[in-house]
Amino acid sequence: VLVAEFSGVVSPVAAEFMGAAIREAERERYDAVVIGLDTPGGLDASMREIVKAMMSSTVPTIVYVSPSGARATSAGVFITMAAHVAAMAPGTNIGAAHPVQLGGGMPGSKDKPDKVEEDKITNDAAAYLQAIASRRGRNVAWAEQVVVKSTSIPAGAAVAANVVDMEAASLEDLLKAADGMILPDFKDKPLRLAGAEIMLFPMSRRQRLLAAVSDPNVAMVLMSLGVSGLLIELY
């Protein structure tokens with residue numbers, strides 16, 4: 001089993017990393033690829049790139065929201081529900097997937113997004129998540145509510161509501177619980193994961209650097225430094 005751990009904002013770096021992990025699993029014929037996920041969300045385009053890679057994967061994909069205290073919110077909901085097997089560690093949560101536009105103007109500004117445009121974006125996101133949930137046999141009604149009303153639920157409730165497949169305290173427990181599962185996309189090959197050898201797929205140095213500077217907090221600091229530098233030079 002190939003394991004790729006990702007924690008941070010869903011960005012082009014995240015899409016590149018997860019896509020590379022899936023391609024590596026396909027190339028080396030792993031029995032499954034596990035994406036350990038902890039994210040507050042991120043960019044729609046990057047999220048869709050990840051979802052498309054998971055949907056077309058020839059190797060079973062497993063998303064494991066972990067460790068305890070982690071979350072899969074906003075874009076993370078789409079990625080989690082797109083997996084062939086979705087699992088969460090105790091003490092994690094999933095939800096709050098209402099789309100938010102960047103650069104929508106400051107409070108009180110007249111440059112806020114148009115209501116019609118905002119509704120179009122929300123309805124598109126809701127339909128997209130519903131299609132994902134339907135493909136994976138998960139709760140389609142909740143998929144709509146999590147986008148429209150931005151609801152959020154803990155791991156136990158997510159399992160009970162058929163949002164994810166299971167709750168697992170560790171990766172080993174997850175592999176044991178998933179062992180023997182028959183997935184619709186792999187009906188002729190039940191999962192055989194109990195006691196599987198675990199191989200880690202780390203980020204490259206370049207990806208770690210890009211992930212660090214693309215963090216919104218770091219990006220804001222860098223932008224402020226850049227603007228300050230320009231002002232000082234002009235002065």
Side-chain angles (χ1 to χ4, degrees), residues 1-67 70-88 92 94 97 99 102 124-125 127-129 131-136 138 143 164-165 171 174-175 178 183-186 189 191 193 196-216 218-219:
V1 172
L2 187 65
V3 178
E5 299 280 353
F6 179 79
S7 176
V9 176
V10 176
S11 63
V13 179
E16 178 186 299
F17 172 63
M18 294 185 204
I22 293 172
R23 289 191 296 273
E24 174 70 10
E26 291 176 326
R27 183 167 53 251
E28 299 298 327
R29 298 184 179 182
Y30 280 85
D31 290 305
V33 55
V34 177
I35 296 175
L37 188 64
D38 178 14
T39 179
L43 300 177
D44 177 83
S46 300
M47 173 271 290
R48 289 176 185 258
E49 188 176 336
I50 296 167
V51 168
K52 285 187 284 187
M54 295 174 73
M55 287 291 193
S56 60
S57 175
T58 58
V59 170
T61 56
I62 302 172
V63 167
Y64 181 35
V65 182
S66 62
R71 57 181 171 170
T73 56
S74 194
V77 178
F78 293 77
I79 296 170
T80 303
M81 295 188 76
H84 292 99
V85 179
M88 298 175 69
T92 58
I94 185 171
L102 296 176
D124 175 66
Y128 188 52
L129 189 55
I132 292 171
S134 178
R135 172 75 182 275
R136 296 302 187 215
R138 301 199 171 102
V164 298
D165 301 303
L171 178 59
L174 166 59
L175 297 180
L183 306 174
D185 290 353
F186 306 94
K189 190 179 179 181
L191 291 177
L193 304 179
E197 182 181 3
I198 296 172
M199 301 295 291
L200 298 179
F201 185 81
M203 272 190 170
S204 65
R205 289 183 178 179
R206 182 184 66 84
Q207 288 172 337
R208 289 197 298 270
L209 174 62
L210 291 175
V213 298
S214 64
D215 180 274
V218 177

side-chain contact (heavy atoms from CB on, under 4.5 Å) partners for [X], two or more places apart:
X      : result
Ile35  : Met18, Val63
Thr39  : Val10, Leu37
Ala125 : Phe78, Pro99, Val147

Sequence neighbours excluded, which residues qualify as side-chain hydrogen bond (donor to acceptor under 3.5 Å, both in side chains) partners of Thr61?
->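 Thr61 satisfies side-chain hydrogen bond (donor to acceptor under 3.5 Å, both in side chains) with His84 only.
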
Could you pull out all residues at least two apart from Arg205 that satisfy side-chain hydrogen bond (donor to acceptor under 3.5 Å, both in side chains)?
-> none

Could I get the full list of salt bridge (Lys or Arg N to Asp or Glu O under 4.0 Å) partners for [X], not counting sequence neighbours?
X      : result
Arg206 : Glu16
Arg71  : none
Glu26  : none

Can you find a pair of side-chain heavy atoms, one from Val13 and one from Met203, that are under 4.5 Å apart?
->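 When only atoms from C-beta onward are counted, Met203 and Val13 do touch, with a gap below 4.5 Å.
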
CG-CG distance between Leu2 and Asp31, expressed to the nearest 0.5 angstrom | 11.5 Å

If you look only at distance, which donor and acceptor atoms sit under 3.5 Å apart when one is on a side chain in residues 44-53 and the other is two or more places apart or in another chain?
from, atom 1, to, atom 2, distance (Å)
Asp44, OD1, Arg48, NE, 3.1
Asp44, OD2, Arg48, NE, 2.9
Ser46, OG, Ser11, O, 3.4
Arg48, NH2, Asp124, OD2, 2.8

Which ring pair (Phe, Tyr, Trp, His ring centres under 6.0 Å) pairs, counting each pair once, include a residue from residues 11-42, with sequence neighbours left out?
-> Phe17-Phe201

